[in-house]
Protein chains: 2
Amino acid sequence: MRYGLAEVARRAGVSPATASRVLSGAGPASAASRAAVLAAAQQLGYQPHPVARQLARKTGTRIVFAVRDNRADILRDPFVTRATTAMAAALDPYDVGVSLRHLGLDCAADLERLSADRGLAGLVLAGHDRELLGHLPAGLRGRTAAIGAGGADVDSAAGVGALISRLHAVGRRRIALIAGPSWLAASAAPVGAYLRLVRAAGLRARIVRGDFTSDRGGAAARAILTRWPDTDAIAAVSDATALGALGALAAAGVRVPDDVAVTGFDDIPLAGTACPALSTATHPVEEIAAAAARAALGEAVPRRLFPSVPVFRDTCGGSASTA
Amino acid sequence: MRYGLAEVARRAGVSPATASRVLSGAGPASAASRAAVLAAAQQLGYQPHPVARQLARKTGTRIVFAVRDNRADILRDPFVTRATTAMAAALDPYDVGVSLRHLGLDCAADLERLSADRGLAGLVLAGHDRELLGHLPAGLRGRTAAIGAGGADVDSAAGVGALISRLHAVGRRRIALIAGPSWLAASAAPVGAYLRLVRAAGLRARIVRGDFTSDRGGAAARAILTRWPDTDAIAAVSDATALGALGALAAAGVRVPDDVAVTGFDDIPLAGTACPALSTATHPVEEIAAAAARAALGEAVPRRLFPSVPVFRDTCGGSASTA
DNA sequence: CTGTTAGCGCCTTCAG
DNA sequence: CTGAAGGCGCTAACAG
């Protein structure tokens, strides 16, 4: 009822080796035997045993998506959730499953252990810093892909730039930035874009660090109001942060966008439905995750920057529209 | 540099079989050899080869989370996303990855194919109907778990009941229900709870079918307003549906909750931030998903009903609070 | 309790 | 281009 390669070979009148060649790696085979094997396989409803195959090929069975952060509940972050799901769907046809794991900031030992895991088909890393990517254990090279700076990344400089330009265009002149954590490689580009624009406009920089929680977003907003009370716009590099800031501003009796405009980053589902609706930048997270996953499997995925396109909604001031 | 079981056995002065017994299944072994093996393994940094193990044990390497629905983009549904992520995290320690797959309503053939997949460690099914669970291919029995009615389920009768009781308690008397699709097993319990309460209160039932999209939620709300213009409350069995209804009501100039109260179901992150903030019922999705995943692996997971606890926010009328 | 003997199902040299 | 033989690393059945 369940047939193996041997049976297919027998029916096709060839050796298992030949059958294997046509069914798997597409090794050399005459047109005749190829046809015979294919026919036999078809007729028997042959399905290769993925585990046996993976053992023989020394190729793993799952990729792990490792997210580095100081908080373990980063695994519930909307970005992580979306990316994980996208990978799980994208790798299904490859007979490869995905595992999700949290890594502390100091994760050298964990990576070492991962590199010794022969069940690992590939690793997708998020939340890395420059250091980490440069010093991957040898066993991980060639089967690791990163999401964010240095890997499958979004053109965050463009996205943040567009958002800030818009703030400037609608008359904001005292624009503060809630940046990402400094240990994160992906934090650099947005800060760079911000600084470039602010300086070009002859304005002074106002930067506070946040993370990906709304709590910190609220705290950051309060810090900004305290330190620079005349701030008229806050750009956050995460939607959760922006939402937290929105809450803090409301609590402080500051009107958005009248008094202070706010922008986020990533366009999580929440962004459009929040009140007021959040202006942010939208990203093809599913595509990014799928690209990273395939790269982790060793596929040659062209390294490109994914688009970061601004979405202007209520919190931005000016009239709502998409750039 | 990478050691196998054989080397561990050699160092411990026992046979590979004995080493295997202590390292894996915890088969019989004397204290002495157990200690020796453990020591050797420790010292060598031995890590078993998961794929070889899975091949020998005839146990698969991944579970697939199959979601049955008429729309393929159900895979982006917040519940699916959350559940997938939770499984990916929960199964990591088992060396089992998760794959995500969409199934059409008519999926007998797909299940047949799945049952032939020897890489499959287990199947988690969502969106099933009674029929489906009863007629699983033989190869899937014992390694399939369902999420929802008949599997790892939420006490939706209690949750919906609590929500509707509250609507009644704050004075609503013309309460409509936007139920789930009729092909879905999980749709039954909420409808039952609704009917029971409405009848007990001597009211008339007003039921419309929806699905898990906000579009259909909006359409359903419009249908309700058309058919029963005096409706003063709408209970939806999904947050997305409720959010869609909210939009439709706003567009129709109906005030929420003053004119019509609204409740959702599931407490997606959006619910609390929407405006007005949505009253709904909250569920331990991560726990549910993890339980289902473990059950799919063959673990004996006690079948229990997970709590569905109401969260009263703005859209419910009355004063906001948690029951 | 332990070692020996066979596989698990496929892939991959290596001759021919 | 093809077949035979051996191995991937571990587990399971069976004597002892």
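Here is the naming used below: chain letters follow the sequence lines, and residue numbers restart at 1 for every chain. Keep in mind that the numbers below use all heavy atoms, side chains included, and drop hydrogens, waters and symmetry copies.
- The distance between atom CZ of A:R10 and atom P of C:dG9, rounded to the nearest whole Å, is 13 Å.
- Rounded to an integer number of Å, the gap from B:L55 CG to C:dC10 C1' is 9 Å.
- Salt-bridge annotation for B:D95 and B:R53: absent, with no side-chain N of the basic residue lying under 4.0 Å from a carboxylate O of the acidic one.
- Note on B:A17: a base of the nucleic acid sits closer than 4.0 angstrom, heavy atoms only.
- Side-chain nitrogen and oxygen atoms of B:T18 include at least one within less than 4.0 Å of the OP1 or OP2 phosphate oxygen of C:dG3.
- Rounded to an integer number of Å, the gap from OH of B:Y3 to P of D:dG9 is 14 Å.
- With rounding to whole Å, A:Q54 atom CD is found 15 Å from D:dG9 atom P.
- Between B:D155 and B:P307 there is no side-chain heavy-atom pair separated by less than 4.5 Å.
- Look at A:D153 and A:R304 and you find no salt bridge, because none of the NZ, NE, NH1 or NH2 atoms lies under 4.0 Å from a carboxylate O.
- You'll find the side chain of B:V64 stays beyond 4.5 Å of the side chain of B:D117, heavy atoms only.
- Within residues 111-121 of chain A, no residue approaches DNA chain C, by heavy-atom distance under 4.0 Å.
- OP1 or OP2 of D:dT2 has at least one side-chain nitrogen or oxygen of A:S30 nearer than 4.0 Å.
- Between the CZ atom of B:R53 and the P atom of D:dC8 there is a distance of 18 Å, given to the nearest Å.
- Closest to the side chain of B:R57, out of D:dA4, D:dT2, D:dA12, is D:dA12.
- Within 6.0 Å of CG in B:D106 there are 12 or fewer heavy atoms belonging to other residues, nucleotides or ligands.
- A close approach under 4.0 Å does not occur between any side-chain nitrogen or oxygen of A:S15 and OP1 or OP2 of D:dA4.
- Residue-to-nucleotide proximity on DNA chain C shows that, of B:P16 and B:K58, the 5′-proximal contact is made by B:P16.
- One finds no side-chain N or O of A:S33 lying less than 4.0 angstrom from the OP1 or OP2 phosphate oxygen of D:dC1.
- Put simply, the side chain of B:R68 does not reach to within 4.5 Å of the side chain of B:I74, judged on heavy atoms.
- The distance between atom CG of A:L5 and atom P of D:dG7, rounded to the nearest whole Å, is 20 Å.
- Closest contact between the side chain of A:P48 and the listed nucleotides D:dC10, C:dC10, D:dT2 involves C:dC10.
- Residue B:Y46 places no side-chain N or O under 4.0 Å from the OP1 or OP2 atom of D:dG9.
- Distance B:R21 CZ to D:dA13 P: 12 Å, rounded to the nearest Å.
- When heavy atoms are screened at a 4.0 angstrom cut-off, A:V14 is found touching the sugar-phosphate backbone but no base atom.
- Spacing between atom CG of B:L44 and atom C1' of D:dG9 amounts to 15 Å, rounded to whole angstrom units.
- A:E286 has its side chain within reach of B:R76: a pair of non-hydrogen atoms, C-beta onward, lies under 4.5 Å apart.
- End-to-end axis angle for the helix from C:dC1-D:dG16 to C:dG16-D:dC1, using five pairs per end and rounding to 10°, comes out at 30°.
- Contact of the B:L125 side chain with the B:F65 side chain is not registered, since no non-hydrogen atoms from C-beta on lie closer than 4.5 Å.
- With a 6.0 Å radius and a threshold of 12 heavy atoms from other residues, nucleotides or ligands, B:R57 has its CZ atom above the threshold.
- In terms of phosphate contacts, B:S20 brings a side-chain nitrogen or oxygen within less than 4.0 Å of OP1 or OP2 of D:dT11.
- A:R62 and A:S99 make their closest contact through NH1-OG, 2.7 Å (heavy atoms, listed as atom of the first residue, atom of the second, distance).
- Side-chain proximity of B:A52 to the nucleotides D:dG9, C:dT2, C:dC10 is greatest for D:dG9.
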